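For reference, the structure discussed in these notes is given below.
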Protein chains: 2
Amino acid sequence: MAKFSAIKQHVYNKIASGEWPENHPVSSENALALQFKVSRMTARRALQELANEGIVIRTKGSGTFVAPIKSQTSFMAIRNIADEIRARQHRYHAQVQVLRREHASDLIAEMLNLQPGDTVFHSVISHYENDLPVQVEERYVNPALAADYLKQNYNEITPHEYLCQAQPLTEASHEIEAVTPSNQLCQWLLLTKPEPCLRINRRTWSAEGVVTYAVLTHPGSRFSLGGHLQF
Amino acid sequence: MAKFSAIKQHVYNKIASGEWPENHPVSSENALALQFKVSRMTARRALQELANEGIVIRTKGSGTFVAPIKSQTSFMAIRNIADEIRARQHRYHAQVQVLRREHASDLIAEMLNLQPGDTVFHSVISHYENDLPVQVEERYVNPALAADYLKQNYNEITPHEYLCQAQPLTEASHEIEAVTPSNQLCQWLLLTKPEPCLRINRRTWSAEGVVTYAVLTHPGSRFSLGGHLQF
DNA sequence: TAGTGGTCTAGACCACTTT
DNA sequence: AAGTGGTCTAGACCACTAT
């Protein structure tokens, strides 16, 4: 692993574990350079990337600090809901609702570049923040590119994490919309009445083709997606 | 201006002018370093930031290339709804619902870094794609930073376009959520029944402070937000 | 083999904030 | 005055791509 990556991981762990709460000072560039025996430029790169991701905030002359939770919800949520929840210092757990082989519908076949009726892997997992589901992840996977997908224990690793290591992911496209959840989704989300939900439809590629199509549904009352742009 | 910024601007101008179309090779790090008489690390930083912004794509061993347009479109919709609609070759028009001076509520004052009761400019504009509204733009503006805001004709220029030229915008933060629209919003959106709506809350800064706070509401049935990520 | 981007070093000067 | 982040230099070695 690259040195700057190791430093990022170190800082990230401090935050995720709760040892460094919101607004807590992060070791300075010089301190990290000493500690990890690297040049200041390398330590700097680690902090700079964390700042770009919205994990920390840097102020000239003052220092680097753990970002307020509201600023941290950038694209991490799109990438890894479990880390996102843990970084907020909340309890995370998953509940596997569906995990099986299926035959591809027309829509799924098109999304995965397969033929209708071809075998696909299908999972549905509820992701809990404390004791409420904040996301239902419906996922379809191309079996050719992740043969062991059904054998994983998704209480310990998220599908996204597994797929990242099974197939180096190169790009993703996503579409964000507002929808009314189906009755089935209301059950999985523990919603007694339907409420507007934020939905992210995402297709993810590796060098060998479409790996997975995911439909992520979040209750509007429990979730928002933040971001930051510099012009 | 910092040297790496000047190089970014140079590359950006080549692309915006059309001189370097999609997939056209961008000068290499070494070439830019020579041309601008800077070290390779500085030229590298310029290209790296352009890559982070999705403007160019870099491939190890091969080179740097102008990104395909699809990768650049992600945040266009957030920036300028009129251009987005016209790019789809649909008819666009705006309807101004509200355009006046008001006293800031507690929330608006906080968002604009003003005191409650201070004067703010307030506009509400419906944006039509063909003959249906796809966005209601509720916007609050800091009068100190855009004194002529109320004098513009928003059938000919969007508030965002006007603000861009009145104050160079430097950054924006936004939050995306799913909501149930109020009765007033249903009227503005020509919705007979409430339906889930996608909402974008955005604060925009210039060098002099918060310029504007905007609440953009889109009917779920008529709008989705697309994006593209490269890992 | 030559060129490219990815990583890294060991310095330097500056503007800024805190004490 | 001391510490911080922001910028920059002039090298270096590596893995990868194209020829």
Side-chain angles (χ1 to χ4, degrees), chain A residues 1-11 14-15 20 23-68 71 168-171 206-208 228 230-231, chain B residues 1-11 14-15 20 23-68 71 170-171 205 207-209 230-231:
Chain A
M1 184 190 286
K3 297 184 181 181
F4 77 89
S5 250
I7 299 177
K8 278 180 73 174
Q9 198 57 51
H10 168 256
V11 173
K14 293 279 190 187
I15 298 173
W20 289 350
N23 297 317
H24 188 282
V26 172
S27 316
S28 74
E29 297 178 354
N30 284 317
L32 287 171
L34 269 175
Q35 183 182 346
F36 284 85
K37 296 184 172 44
V38 299
S39 76
R40 188 191 145 209
M41 283 295 277
T42 301
R44 173 180 178 71
R45 174 167 176 187
L47 293 183
Q48 199 57 54
E49 292 199 359
L50 287 168
N52 290 341
E53 293 163 18
I55 309 292
V56 303
I57 302 225
R58 320 192 73 197
T59 311
K60 194 197 302 192
S62 175
T64 302
F65 304 89
V66 177
S71 330
L169 304 179
T170 56
E171 57 182 313
S206 76
E208 301 179 44
H228 199 82
Q230 304 239 349
F231 298 131
Chain B
M1 183 189 284
K3 298 184 182 179
F4 77 89
S5 255
I7 300 177
K8 276 179 73 173
Q9 199 58 51
H10 168 257
V11 173
K14 292 281 189 185
I15 297 173
W20 289 351
N23 297 318
H24 188 279
V26 173
S27 315
S28 73
E29 297 179 354
N30 284 318
L32 287 171
L34 269 175
Q35 182 182 347
F36 284 84
K37 295 183 175 41
V38 298
S39 75
R40 188 191 143 206
M41 283 296 278
T42 301
R44 172 179 179 70
R45 174 167 177 186
L47 293 183
Q48 199 58 56
E49 292 198 1
L50 287 168
N52 290 341
E53 293 162 18
I55 310 291
V56 303
I57 303 226
R58 319 192 74 201
T59 311
K60 193 197 303 191
S62 173
T64 302
F65 304 89
V66 177
S71 318
T170 56
E171 57 183 312
W205 282 260
E208 300 179 46
Q230 303 241 348
F231 298 131

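Throughout, a chain's letter reflects where its sequence line sits, starting with A, and its residues are numbered from 1. Worth saying up front: this structure is predicted, and the values here are computed from it rather than measured.
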Value rounded to 0.5 Å, distance of CD in Q35(A) from NE2 in H10(A): 4.5 Å
What is the distance from CZ of F4(A) to C1' of dG6(C), rounded to the nearest Å? 8 Å
Interface polar pairs with nucleotides 11-13 of chain C, N/O, under 3.5 angstrom:
from: dA12(C); atom 1: N6; to: R40(A); atom 2: NH1; distance (Å): 3.1

For the CZ atom of R44(A) and the CD1 atom of I7(A), what is their distance to the nearest 0.5 Å? 13.0 Å
At what distance, to the nearest 0.5 angstrom, does CD of E29(B) lie from CG of L34(B)? 12.5 Å
Which listed nucleotide (dT7(C), dT4(D), dG6(C)) is nearest to the side chain of S28(A)? dT4(D)
Working to the nearest 0.5 angstrom, can you tell me the gap between K3(A) NZ and L32(A) CG? 14.0 Å
Is the shortest heavy-atom distance from the side chain of Q48(B) to the side chain of R58(B) under 4.5 Å? yes
Spacing of K8(B) atom NZ relative to dT7(D) atom P, expressed in whole Å: 10 Å
What's the shortest heavy-atom distance between A33(A) and A43(A), and which atoms? N-CB, 3.8 Å
Specify the angle, to 10°, made by the local axes at the two ends of the helix from dT1(C)-dA18(D) to dT18(C)-dA1(D) when five pairs are taken at each end. 0°
In this structure, how many angstroms lie between the C1' atom of dC8(D) and the CZ atom of R45(A), rounded? 17 Å
Taking for each residue the nucleotide of DNA chain C bearing the nearest heavy atom, is the 5' side occupied by A31(B) or by E49(A)? A31(B)
Shortest non-hydrogen contact between W20(A) and S27(A), atoms and distance: CH2-OG, 3.6 Å
In whole angstrom, what separates R58(A)'s CZ from dT7(D)'s C1'? 12 Å
Check nucleotides 14-19 of chain D for protein N or O atoms closer than 3.5 Å to its own N or O atoms and list the pairs.
from: dT17(D); atom 1: O4'; to: G61(B); atom 2: O; distance (Å): 3.3

Just one of L50(A), V26(A), I57(A) clears the side-chain contact (heavy atoms from CB on, under 4.5 Å) bar with V66(A), so which one? V26(A)
Would one find a side-chain N or O of T64(B) under 4.0 angstrom from OP1 or OP2 of dG5(C)? yes
Tell me: CD of E29(B) to P of dC8(D), nearest whole Å? 15 Å
From the list dC8(D), dT4(C), dT9(C), which nucleotide is the closest neighbour of the side chain of A2(B)? dC8(D)
Nearest-Å distance for atom pair CD/C1', residues Q48(A) and dT7(C): 16 Å
Side-chain contact, heavy-atom cut-off 4.5 Å: I15(A) with V11(A)? yes
Rounded at 0.5 Å granularity, tell me how far NE2 in H24(B) sits from OG1 in T64(B). 13.0 Å
Expressed as a whole number of angstroms, how long is the span from I7(A):CD1 to dT9(C):C1'? 13 Å
Roughly how far apart are R40(B) CZ and S28(B) OG, rounded to 0.5 Å? 9.0 Å
Quickly work out the K37(B) NZ to dT9(D) P distance and round it to whole Å. 12 Å
Among the candidates dT9(D), dG6(D), dC8(D), find the nucleotide nearest to the side-chain atoms of R44(A). dG6(D)
